[in-house]
S.K.: 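Quick one: the structure is below, and I'll ask about it shortly.
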Amino acid sequence: MIQRRNRPHIPRDFLYEPYGPRHGVARAMASGTHWFDAWAFQYALYGARLRKMAGIAPDRAEALRRGAAITRAELDGLAAACGVQPADVIASLPDPTLLAEV
């Protein structure tokens, strides 16, 4: 987040919106976007930024886009990078079996 002069810093927690039907990710998924792409596009997490903030390598991100199961560590990393709770990401999974219990 860019800090501007003479403007108060807005904490990320203030901007938190719980996952629900009006959430941007839910709306993107309703229009046909894959769940992983919906999260990545909503929070501008691409390539190196996804790897740095969420700890998900580009080849692993491609596997998730193809329908691979997500591990709990990857899910926690994605949630932290997006500034949401892991339960929000879990709620957006189209199939509960996509969460791999490792």
Side-chain angles (χ1 to χ4, degrees):
M1 185 181 299
I2 298 174
Q3 182 68 30
R4 302 199 189 276
R5 258 192 249 183
N6 299 326
R7 298 212 178 170
H9 174 72
I10 300 172
R12 194 168 193 165
D13 297 347
F14 180 75
L15 302 174
Y16 171 70
E17 177 185 355
Y19 182 79
R22 294 180 51 100
H23 193 277
V25 171
R27 289 194 316 252
M29 289 174 59
S31 69
T33 305
H34 186 267
W35 72 268
F36 184 76
D37 287 333
W39 283 103
F41 295 157
Q42 180 71 23
Y43 293 96
L45 297 173
Y46 311 104
R49 188 162 188 233
L50 182 64
R51 170 181 269 164
K52 181 180 178 183
M53 293 183 71
I56 300 174
D59 58 335
R60 182 65 183 137
E62 190 57 38
L64 292 171
R65 286 184 183 98
R66 288 191 310 266
I70 188 168
T71 66
R72 185 63 190 204
E74 291 169 337
L75 186 133
D76 290 341
L78 180 62
C82 294
V84 298
Q85 300 296 319
D88 294 331
V89 179
I90 292 171
S92 73
L93 294 175
D95 183 9
T97 60
L98 287 176
L99 179 58
E101 297 296 329
V102 179

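It should be emphasised that the depicted structure is a prediction, and the values quoted were computed from it without experimental measurement.
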S.K.: Do you know which two heavy atoms are closest between His34 and Arg65, and how far apart they sit?
M.R.: NE2-O, 3.5 Å
S.K.: Mark yes or no for whether Arg72, through its side chain, and Ala100, through its backbone, hold a donor-acceptor pair below 3.5 Å.
M.R.: no
S.K.: How are the rings of His23 and Tyr19 set to each other: parallel, tilted or perpendicular (split at 30° and 60°)?
M.R.: tilted
S.K.: Where do Trp35 and Leu78 come nearest, in terms of heavy atoms and distance?
M.R.: CZ3-CD2, 4.2 Å
S.K.: Rounded at 0.5 Å granularity, tell me how far OH in Tyr43 sits from CG in Leu50.
M.R.: 14.5 Å
S.K.: Working to the nearest 0.5 Å, report the span between CD1 of Ile56 and CD1 of Ile70.
M.R.: 5.0 Å
S.K.: Has Thr33 got a side-chain atom pairing as donor or acceptor with Ala28's backbone, closer than 3.5 angstrom?
M.R.: yes
S.K.: Indicate the atoms forming the closest heavy-atom contact of Trp39 with Cys82, along with that distance.
M.R.: CE3-SG, 4.0 Å
S.K.: How close do Ala61 and Phe36 get, heavy atom to heavy atom, and via which atoms?
M.R.: CB-CE2, 3.8 Å
S.K.: Using side-chain contact (heavy atoms from CB on, under 4.5 Å), reason through Met29 and Ser92 one step at a time and then give a plain yes or no.
M.R.: CA-CA 9 Å; Met29 289 174 59; Ser92 73; 4.1 Å; yes
S.K.: Does Arg51 have any salt bridge (charged side-chain N to carboxylate O under 4.0 Å, His left out) partners at least two apart in sequence or in another chain, and if so, which?
M.R.: none
S.K.: Between Arg22 and Glu17, what is the shortest heavy-atom contact and its length?
M.R.: O-OE2, 3.7 Å
S.K.: Where do Leu45 and Met53 come nearest, in terms of heavy atoms and distance?
M.R.: CD2-SD, 4.0 Å
